Amino acid sequence: MHSLMNGLLWGPDLLSLADLLALWLHFMLLSLLAIGGAITTAPEMHRWVVGERGWLTDGQFTTSVALAQSAPGPNVLFVAVIGWNVAGLAGVAATLSGTLLPSTTLALLASRWGERRQHMLVVRAFRAGMAPLTIGLLLATAWVLAEPLRHQLGTPALMALAVYVMLYTQRSPVWPMAVGALVGALGWMN
Amino acid sequence: MTPPEAPAPAAGAAAAPPPFDGADLRVPASAGELFRAFHALALQGFGGVLPVAQRELVERRRWLTQAQFVETLSLGQVLPGPNIVNMALMIGDRFFGLRGALAALAGLLAAPLLIVLVFAALYGRYAQHPAVSGALRGMGAVAAGLILSTAIKMLPTLGSNAMGRPVSVALMLATALAIGWWRLPLVWIVLGLGALAMAVAAWKLTLRAA
């Protein structure tokens, strides 16, 4: 019982406090580099956690990312799964707070700065200028998500279903998601 | 909330969901309502929360216009950190200050964090099952379609863009190709195309004012 609790709190390998601090600081640093989302720093996280520190295997790292994407909620939670696999709940606290603290502070400051200066030319130019890039980035994201599935016949059909539901009905996206999971579980996406 | 730059045109009203022209905007009653709204939308967000956020915040609750949603997302994308986390903070902050920002963030993260940790604890046992990996592929295709629909819904906002529609559409396609096809780093796009777009927008806005 005692060892189970210890496993939950600190993970399988009992990282030292110095190691936990290093984990926290490294994720804080990556937080400020994560333009385009936390996932863009995954290669660097991999290099450090798997390669340099050897806290996770290659396979553990990849499944941590895939797992978070299959669960509901923001994809950034893959850093929590990495923290969990490295050092239990203490690892979750280190990676998640490290990832979130710097970027959230910056986002709040930037948002307030912009709100107070919304009539300045540079703020208005940002709004108008960046809007097309934002939409283009979403198109690219859809492409990047669909690309590994391009050989499955079900892919265009499921994508069309999702677009139809979102554009022409009021249903929650949970419904097409459930259809996608069912179709895949029945083996029609192999 | 900031009013949209120019009153958006009625945007064709092509789809069944309510129009996005900013008429009938509402505000959340309390930080508690913000928490519940982000809690509910996070739990519907498999493979990405953005499409649900657009449906809930713009179309159902009408806390933001489509144009405000694009603006908030633009800032969320340029800043480091997860877009949806940045958006939750900014939206919460605009309504109820720091308290609202923290309520939205907590609503977004609390329940999904618990779920993903339970998944992580159970995963080893079921990972190799073909039905599980098949279901993940099916969900991946739907996630791609959901993101595509989010982009399609934002298209009409380009009609009222200060740069004009042709320039806006060209910039959008250039970004999609550069990131999706050539896989260039986002930083280059923001610094290169983004700077160019801001310069064009500033020039057009100055002309309009003159």
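Not measured: the values here are computed from a predicted model. Just so it is clear: chains get the letters A, B, ... in the order the sequence lines come, proteins before strands, and each one is counted from 1.
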For [X], which atoms come within 4.5 Å of any heavy atom of chain A: side chain, backbone, both, or neither?
X	answer
B:Met163	side chain
B:Thr157	side chain
B:Val85	side chain
B:Ile115	side chain
B:Ile189	both
B:Ala143	both
B:Ile84	side chain
B:Ile152	side chain

Quick one: which of [options] has the most heavy-atom pairs under 4.5 Å with chain A, could you say?
options	value
B:Leu193, B:Leu148, B:Leu50	B:Leu148
B:Thr72, B:Asn161, B:Val49	B:Asn161
B:Pro112, B:Ala135, B:Pro51, B:Ala201	B:Ala135
B:Asn86, B:Leu41, B:Leu75, B:Asp93	B:Asp93
B:Ser74, B:Gly140, B:Ala178	B:Ser74
B:Leu171, B:Ile179, B:Leu146	B:Leu146

(request) Run the salt-bridge test on A:Glu115 and A:Arg112 with the 4.0 Å N-O cut-off and return the result as yes or no. (result) no
Below 4.5 Å from any heavy atom of chain B, which atoms of [X] appear? Answer side chain, backbone, both or neither.
X	result
A:Leu100	side chain
A:Leu96	side chain
A:Leu133	both
A:Val183	neither
A:Val122	both

Taking all atoms of both residues into account, what is the closest heavy-atom pair of [X] and [Y], and its distance?
X	Y	answer
B:Ala106	B:Phe35	C-CE1, 3.6 Å
A:Leu77	B:Leu113	CD1-N, 3.7 Å
B:Ala120	A:Val81	CB-CG1, 3.9 Å

Has [X] got more than 12 heavy atoms of other residues, nucleotides or ligands less than 6.0 Å from its [atom1]?
X	atom1	value
B:Leu207	CG	yes
A:Trp188	CH2	no
A:Arg117	CZ	yes

(request) Over 60° means perpendicular and under 30° means parallel, so classify the ring planes of B:Phe95 and B:Trp63, tilted if in between. (result)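 Taking B:Phe95 first and then B:Trp63, their aromatic rings stand perpendicular (interplane angle over 60°).
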(request) Please state whether the rings of A:Tyr168 and A:Tyr164 are parallel, tilted or perpendicular, taking 30° and 60° as the class boundaries. (result) tilted
(request) Taking the side chain as every heavy atom from C-beta outward, state whether B:Val70 and A:Met130 have any atom pair closer than 4.5 Å. (result)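 No. Closest side-chain heavy atoms not under 4.5 Å.
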(message) Side chains of B:Met87 and B:Phe69, heavy atoms from C-beta outward: is any pair under 4.5 Å?
(response) yes
Look at [options] and state which one has the largest set of heavy-atom pairs under 4.5 Å with chain B.
options	answer
A:Ala162, A:Ser103, A:Pro132	A:Pro132
A:Val165, A:Val174, A:Leu138	A:Leu138
A:Gln152, A:Met189, A:Glu147	A:Met189

(request) To the nearest 0.5 angstrom, please state how far the OG1 atom of B:Thr175 sits from the CD1 atom of A:Ile135. (result)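 If we round to the nearest 0.5 Å, B:Thr175:OG1 and A:Ile135:CD1 are 10.0 Å apart.
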(message) If the test is side chain to side chain donor-acceptor pair (under 3.5 Å), which one of B:Gln54, B:Lys153, B:Gln66 qualifies with B:Glu59?
(response)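 Exactly one candidate clears the test, B:Lys153.
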